[in-house]
Engineer: 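One structure, as structure tokens, below. Some questions next.
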Amino acid sequence: MLHYPRIRRKYKLTSEEIGTFIQSVRDGSTLITLKTAVSGVSQDPDDDKFLACAVDGQADYLVSGDPHLLRLQEYQDTKIVQPSVFLEILHQQMEHQQDQQ
């Protein structure tokens, strides 16, 4: 998606910046093997796989712009938030860590 022309124009991303970002996401990611079956939770059945991944990965947050997931607000112990909300949470955590130092 980052290579989509509209995204590249909006954020003025170069191919190098996109590559660097994707690599940083890969480096900070953990692959999850799904063990949990989730069915019929979201109004869109295609979204249930994301909920299963969040459960098996013991995620604190599921970040999505999908309205079907966002309507749930939380699934088991995972909060479901928009990207802008998650960025604000990260910002607050960073400020709190800086205050602790």
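Numbering of residues begins at 1 and proceeds along the displayed sequence. Hydrogens, waters and symmetry mates are skipped; everything else that's a heavy atom, side chains included, is used.
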Engineer: Return the CG to OH distance between L13 and Y4, rounded to the nearest 0.5 Å.
Structural biologist: 14.5 Å
Engineer: Indicate the atoms forming the closest heavy-atom contact of I80 with L72, along with that distance.
Structural biologist: CD1-CB, 3.9 Å
Engineer: Among side-chain atoms of S15 and R8, is any donor-acceptor pair under 3.5 angstrom?
Structural biologist: yes
Engineer: For residues V81 and F86, report the shortest heavy-atom separation together with the two atoms involved.
Structural biologist: CG2-CB, 3.9 Å
Engineer: Please round to the nearest 0.5 Å and tell me the distance separating atom CG of D48 and atom SG of C53.
Structural biologist: 13.0 Å
Engineer: Taking atom CG of D60 and atom NZ of K79, what is their separation to the nearest 0.5 Å?
Structural biologist: 7.0 Å
Engineer: Checking side-chain polar atoms at under 3.5 Å, does E88 have a donor or acceptor matched by the opposite partner on Q92?
Structural biologist: yes
Engineer: Could you tell me the separation between the CZ atom of R26 and the CD atom of Q23, rounded to the nearest 0.5 Å?
Structural biologist: 6.0 Å
Engineer: Only one of T20, V25, I18 forms a side-chain contact (heavy atoms from CB on, under 4.5 Å) with I22, so which one is it?
Structural biologist: I18
Engineer: Counting N and O atoms only, with roles assigned by atom type, does the side chain of T78 sit under 3.5 Å from a partner on the main chain of A59, one being a donor and the other an acceptor?
Structural biologist: yes
Engineer: Please confirm whether the backbone N or O of P45 pairs with a side-chain atom of S42, one donor and one acceptor, at under 3.5 Å?
Structural biologist: no
Engineer: Apply side chain to side chain contact (heavy atoms under 4.5 Å, CB included) to Q98 and list each qualifying residue two or more places apart in sequence or on a separate chain.
Structural biologist: none
Engineer: Is there a path of hydrophobic side-chain contacts, each under 4.5 Å between heavy atoms of I/L/V/M/F/W/Y residues, joining V55 to L34?
Structural biologist: no
Engineer: Mind checking the CD-CZ spacing from Q73 to R71? Nearest 0.5 Å is all I need.
Structural biologist: 11.0 Å
Engineer: What do the steps show when you test V38 against Y75 for side-chain contact (heavy atoms from CB on, under 4.5 Å), and what is the final call?
Structural biologist: CA-CA 11 Å; V38 175; Y75 182 69; 3.9 Å; yes
Engineer: Looking at P83 and G65, what are the two nearest heavy atoms and their distance?
Structural biologist: CD-N, 4.3 Å
Engineer: Under 6.0 Å from the CG atom of D77, do we count more than 12 heavy atoms belonging to anything else shown?
Structural biologist: no
Engineer: Rounded at 0.5 Å granularity, tell me how far CD in Q58 sits from CD1 in I32.
Structural biologist: 8.5 Å
Engineer: How about L51 and L69: do any of their side-chain heavy atoms sit closer than 4.5 Å?
Structural biologist: yes
Engineer: Examine the side chains of T36 and D56 and answer whether a donor and an acceptor come within less than 3.5 Å of each other.
Structural biologist: yes
Engineer: Is there a path from L62 to V41 through hydrophobic residues (I, L, V, M, F, W, Y) whose side chains come within less than 4.5 Å of each other?
Structural biologist: yes
Engineer: How close do D44 and H68 get, counting heavy atoms only, and between which atoms?
Structural biologist: CB-ND1, 3.5 Å
